[in-house]
Number of protein chains: 2
Amino acid sequence: MALPNGPVTTSSEAEAALFDLVDVYDRAYEAAAAKLSLSPAQACVLGRLDERRGMGALAEELGCDASNITQIVARLEALGLVTREPNPRDRRARLVARTPRGDETNHRFATAFTFARTAVGRLSPDEQDQLTALLRKALG
Amino acid sequence: MALPNGPVTTSSEAEAALFDLVDVYDRAYEAAAAKLSLSPAQACVLGRLDERRGMGALAEELGCDASNITQIVARLEALGLVTREPNPRDRRARLVARTPRGDETNHRFATAFTFARTAVGRLSPDEQDQLTALLRKALG
DNA sequence: CCCCGTTACTTGAGTGAATCAAGGATCATT
DNA sequence: AATGATCCTTGATTCACTCAAGTAACGGGG
């Protein structure tokens, strides 16, 4: 279990609530991935492959080094969840795509990661809109 | 940069907002720690040492294995940010405490991690209360 | 057509988080 | 005094992540 990105000084109620949310969210994500024997990073990459795409595109979207993606995709490939086909238009590049088993695993992950769904579901539609507006404003 | 605990399927606006919040929060936490050459885990442990405490207490609070804490505290100790004194009441146990430099580093981290403060600061006091109430309700 | 800089990805080395299994030391109880 | 539990450490392993360096292929200018 990853250590929480905890509050240093809890100056306000709202800040504490934000921290609690982030902590619970992260733990739930990790737990859902673990249920499928995936690391959070693997689940994340798998979830970005609704359409096949290149390694570089993944790296840029996820904000990490390309060599990091190489490793994670290699593990997903070894698990049979992903293929890494050559790009016919550019022989330097690879196109990563989920296999049928990858699709199924991704779907099972989406089902297992209930936290966001459940949390939002505790709010009425009006409250959901309020929350969205407040979060958007807070994010600046 | 840690991969985001991204949305698998973005079914609602509110869920997407939650994900964005978590992602930005985590990245800001990591960036603040990196500014002080600390890992997120190190910053986290350092932040829990306002009072001296045992390794086991840390492990339990942070929800991880004791041996994980052993490593992190060892690195903090090597950095001169923490001491690991024997507990006079129980010679098996160790009491971990921040050094003066650890106090200063922790304070600088708290200053550098502006995200939660800034985000909440974009809201009026009323809005802050609303956000807190909504998050608490969503967390169940 | 060939050089050349750029791009796409891989490889290797290194750090650190995290978990598990096993072990040593000490405590606390019988 | 023996036993079992508790506190922590050590060792082994896996994985994420980063950086530096390398390979292969694209694409444009001479």
Side-chain angles (χ1 to χ4, degrees), chain A residues 1-6 26-27 29-31 33-46 48 52-79 81-96, chain B residues 1-6 26-27 29-31 33-46 48 52-79 81-96:
Chain A
M1 195 88 73
L3 263 50
N5 288 340
D26 284 341
R27 288 181 192 274
Y29 194 94
E30 190 170 350
K35 222 176 264 182
L36 301 170
S37 303
L38 294 178
S39 68
Q42 289 166 357
C44 172
V45 169
L46 200 60
R48 305 292 169 122
R52 62 155 59 165
R53 66 214 305 172
M55 314 282 293
L58 282 170
E60 191 181 359
E61 180 178 346
L62 299 177
C64 71
D65 196 272
S67 61
N68 194 10
I69 299 294
T70 295
Q71 288 185 347
I72 295 167
V73 167
R75 285 178 193 121
L76 289 173
E77 193 180 26
L79 294 171
L81 304 178
V82 137
T83 58
R84 217 172 21 165
E85 304 161 14
N87 184 337
R89 306 212 164 175
D90 183 344
R91 271 177 299 175
R92 296 169 298 178
R94 303 288 193 125
L95 286 174
V96 188
Chain B
M1 193 89 70
L3 262 49
N5 288 340
D26 284 340
R27 287 181 193 274
Y29 194 95
E30 189 168 351
K35 221 176 265 183
L36 300 169
S37 303
L38 294 178
S39 69
Q42 288 165 357
C44 172
V45 169
L46 199 60
R48 305 290 170 124
R52 62 153 61 164
R53 66 214 304 170
M55 313 282 293
L58 282 170
E60 191 181 0
E61 180 178 347
L62 299 177
C64 71
D65 195 272
S67 62
N68 194 10
I69 298 295
T70 296
Q71 288 185 346
I72 295 167
V73 167
R75 286 179 192 122
L76 289 172
E77 192 180 27
L79 294 171
L81 303 178
V82 137
T83 58
R84 218 172 20 166
E85 305 161 13
N87 184 337
R89 306 215 164 172
D90 184 344
R91 272 177 300 172
R92 295 169 298 177
R94 303 287 193 126
L95 287 173
V96 188

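Here is how names work: the chains are called A, B, and so on, in the same order as the sequence lines, proteins then strands, and each is numbered from 1.
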From the list [options], which nucleotide is the closest neighbour of the side chain of [X]?
X: A:R92; options: D:dA25, D:dT9, C:dT10; value: D:dA25
X: B:T70; options: C:dT26, D:dT10, C:dT10; value: D:dT10
X: B:R75; options: D:dC26, C:dC9, C:dG16; value: C:dG16

So, under a plain 3.5 Å distance rule, would you say the side chain of B:S67 forms a donor-acceptor pair with the base of D:dC8?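 Side chain to base: no pair below 3.5 Å.
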No-H, no-angle donor-acceptor pair, B:R91 side chain to C:dT26 base, under 3.5 Å: no
Give the rounded distance in Å between these two atoms: [atom1] of [X] and [atom2] of [N].
X: A:R53; N: C:dC9; atom1: CZ; atom2: P; answer: 12 Å
X: B:L79; N: C:dT15; atom1: CG; atom2: P; answer: 14 Å
X: A:I69; N: C:dC9; atom1: CD1; atom2: P; answer: 10 Å
X: B:N87; N: D:dT9; atom1: CG; atom2: P; answer: 13 Å
X: B:Q71; N: D:dC8; atom1: CD; atom2: C1'; answer: 13 Å
X: A:R27; N: C:dA18; atom1: CZ; atom2: P; answer: 10 Å
X: A:E77; N: C:dT10; atom1: CD; atom2: C1'; answer: 13 Å
X: B:M55; N: D:dT10; atom1: CE; atom2: C1'; answer: 13 Å

Does A:S39 place a side-chain N or O at less than 4.0 Å from the phosphate oxygens OP1/OP2 of D:dC15?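 The answer is no; no side-chain N or O of A:S39 sits under 4.0 Å from OP1 or OP2.
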Indicate whether OP1 or OP2 belonging to D:dA25 is found under 4.0 Å from a side-chain N or O atom of A:R89.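 The answer is no; no side-chain N or O of A:R89 sits under 4.0 Å from OP1 or OP2.
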Closest non-hydrogen atom pair between [X] and [Y], with its separation:
X: B:M55; Y: B:T70; value: CE-CA, 3.5 Å
X: B:L95; Y: B:R52; value: CD1-NH1, 3.6 Å
X: A:P86; Y: A:R94; value: CA-CD, 4.4 Å

Check every strand shown and say whether A:Q42 touches a base, only sugar-phosphate, or nothing at a heavy-atom separation below 4.0 Å. sugar-phosphate
Please classify the nucleic acid contact of A:I72 as base, sugar-phosphate, or nothing, using heavy-atom distances under 4.0 Å.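 Answer is sugar-phosphate: A:I72 comes under 4.0 Å of backbone atoms only.
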The answer to which of B:R94 and A:P88 contacts DNA chain D further toward the 5' end, by nearest nucleotide, is B:R94
Nearest-nucleotide 5' precedence on DNA chain D, A:D65 against B:A66: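 Of the two residues, B:A66 wins.
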Find out whether B:L62 and A:P4 are in side-chain contact, i.e. whether some heavy atom of one side chain is under 4.5 Å from a heavy atom of the other.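 SC-SC contact between B:L62 and A:P4 confirmed.
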Rounded distance [0.5 Å steps], CZ in A:R48 versus CG in B:L3: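 Answer for the CZ-CG pair, A:R48 versus B:L3, is 8.0 Å.
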